[in-house]
2 protein chains.
Amino acid sequence: MEINTAIGVFSALSQETRLDVFQALVKAGPDGMMAGALAKSVDCPASTLSFHLKELLQAQLIRADKQGRAIYYAVDYGGVREMIDFLLISCCDGDPRLTGPYVIKG
Amino acid sequence: MEINTAIGVFSALSQETRLDVFQALVKAGPDGMMAGALAKSVDCPASTLSFHLKELLQAQLIRADKQGRAIYYAVDYGGVREMIDFLLISCCDGDPRLTGPYVIKG
DNA sequence: TCCATATTTCTAGAATTATCAAAATATATG
DNA sequence: CATATATTTTGATAATTCTAGAAATATGGA
């Protein structure tokens with residue numbers, strides 16, 4: 001992962017509404033949630049939420065699936081795995097003093 | 001970890017100079033680096049670097065150790081482990097579809 | 001077609017963050 | 001003490017990000 005990609009990802013998670021949205025979508029699983037349901041869940045005006053959803057999309061932390069007039073948002077499983085990998089391997093150098101018990105040594 | 005703490009941590013990593021500094025300090029190991037050496041390493045004016053180091057300190061991603069007139073900065077190993085734990089467990093719910101092979105199931 | 005629903009885009013202003021020269025602080029050395 | 005070194009703080013400006021109402025777009029149903 002490119003360093004600028006990583007900055008975009010961390011930036012996407014560095015805002016309360018977006019972190020709330022992300023956690024809600026993780027809980028929701030692969031089917032995700034409608035934008036409107038998310039707006040209620042995180043108590044945020046639709047236009048503001050839309051701005052934040054776009055940030056999360058650009059960071060490839062979530063994906064969107066249009067169904068009729070609704071849009072379902074769900075976690076982008078592959079994108080999140082890439083981010084975690086970048087953090088543990090590229091940023092933390094796979095050093096177990098930093099990663100704790102999480103990194104499987106190759 | 002409190003959600004606002006986590007936001008501070010992601011925010012600290014969402015800026016190029018700071019991510020560069022963090023990676024340099026991971027590479028440097030527990031002894032860390034002098035502020036001046038870091039400034040050269042990431043090509044950044046002293047006062048700007050000082051601003052960014054303070055952000056990383058507040059996020060508890062690095063620590064400072066004054067030795068004479070020099071200040072040695074090093075990774076805060078415990079702080080980083082807490083951050084990784086928050087990301088994998090609280091944010092990603094320990095879901096292996098998100099964490100990949102990294103989370104050890106309890 | 002007309003109306004309601006779901007969501008985004010636009011826009012302007014508010015708030016936050018980043019930059020860096022200059023001044024200040026602290027320490028070492030001759 | 002005087003000077004050089006290492007770093008931070010201040011302060012002013014520039015740049016970016018966030019907010020949310022209003023308008024626009026798209027779809028579904030009566």
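Below, read A as the first sequence line, B as the second, and so on, with proteins coming before strands; counting in each chain starts at 1.
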* To do: Provide, to the nearest angstrom, the distance between the CG atom belonging to A/Leu49 and the P atom belonging to D/dC18.
  => 13 Å

* Does a nitrogen or oxygen in the side chain of A/Tyr72 sit under 4.0 Å from OP1 or OP2 of C/dT7? -> no

* **A/Ile7 CD1 - C/dT17 C1' separation (whole Å)** => 15 Å

* To do: May I have the distance from A/Asp65 (atom CG) to D/dT27 (atom P), rounded to whole angstrom?
  => 14 Å

* **Distance below 4.0 Å between B/Tyr73 side-chain N/O and D/dA6 OP1 or OP2** => no

* For B/Met33 and D/dT7, give me the distance from atom CE to atom C1', rounded to whole Å. => 15 Å

* Is the shortest side-chain N/O distance from B/Thr48 to OP1 or OP2 of C/dC20 below 4.0 Å? -> yes

* Map A/Ala70 and A/Ser47 onto DNA chain C by nearest heavy atom, then report which one ends up closer to the 5' terminus. => A/Ala70

* Asked: Closest to the B/Glu55 side chain: C/dA18, C/dA6, C/dC20?
  -> C/dA18

* Asked: Counting only side-chain N and O atoms of B/Gln67, is one of them less than 4.0 Å from OP1 or OP2 of D/dT7?
  -> no

* To do: Look at A/Arg69 and C/dT8 and indicate whether a side-chain polar atom (N or O) is within less than 4.0 Å of OP1 or OP2.
  => no

* Asked: Is it true that the side chains of A/Tyr73 and A/Asp65 contain a donor and an acceptor less than 3.5 Å apart?
  -> no

* Name the residue closer to the 5' end of DNA chain D, choosing between B/Ala46 and A/Ser14 according to the nucleotide with the nearest heavy atom. => B/Ala46

* **DNA chain D: 5'-proximal contact among B/Ile71 and A/Phe51 (nearest heavy atom)** => B/Ile71

* Asked: Does B/Ser50 make a side-chain N or O approach to OP1 or OP2 of D/dT8 shorter than 4.0 Å?
  -> yes

* To do: For atom CD of B/Gln23, decide whether the heavy atoms of other residues, nucleotides or ligands shown that lie under 6.0 angstrom number more than 12.
  => yes

* Within 6.0 angstrom of A/Lys54 NZ, more than 12 heavy atoms from elsewhere -> no

* For B/Leu56 and C/dA18, what is the distance between atoms CG and C1' respectively, to the nearest whole Å? -> 14 Å

* **N or O in side chain of B/Lys54 less than 4.0 angstrom from D/dT9 OP1/OP2** => yes

* To do: Round to a whole Å and report the spacing from CG of A/Leu38 to P of C/dT7.
  => 9 Å

* Asked: What's the CG-P distance between B/Leu13 and C/dT17, to the nearest Å?
  -> 15 Å

* To do: Look at atom CG of A/Asp43 and say whether more than 12 heavy atoms of other residues, nucleotides or ligands are closer to it than 6.0 Å.
  => no

* To do: Report the distance from atom NZ of A/Lys66 to atom C1' of C/dT5, rounded to the nearest whole Å.
  => 12 Å

* To do: Report yes if a side-chain nitrogen or oxygen of A/His52 is closer than 4.0 Å to either non-bridging phosphate oxygen (OP1 or OP2) of D/dT17; otherwise report no.
  => no

* Taking it one step at a time, do A/Arg18 and A/Leu61 satisfy side-chain contact (heavy atoms from CB on, under 4.5 Å)? -> CA-CA 10 Å; A/Arg18 290 196 296 262; A/Leu61 290 171; over 6 Å; no

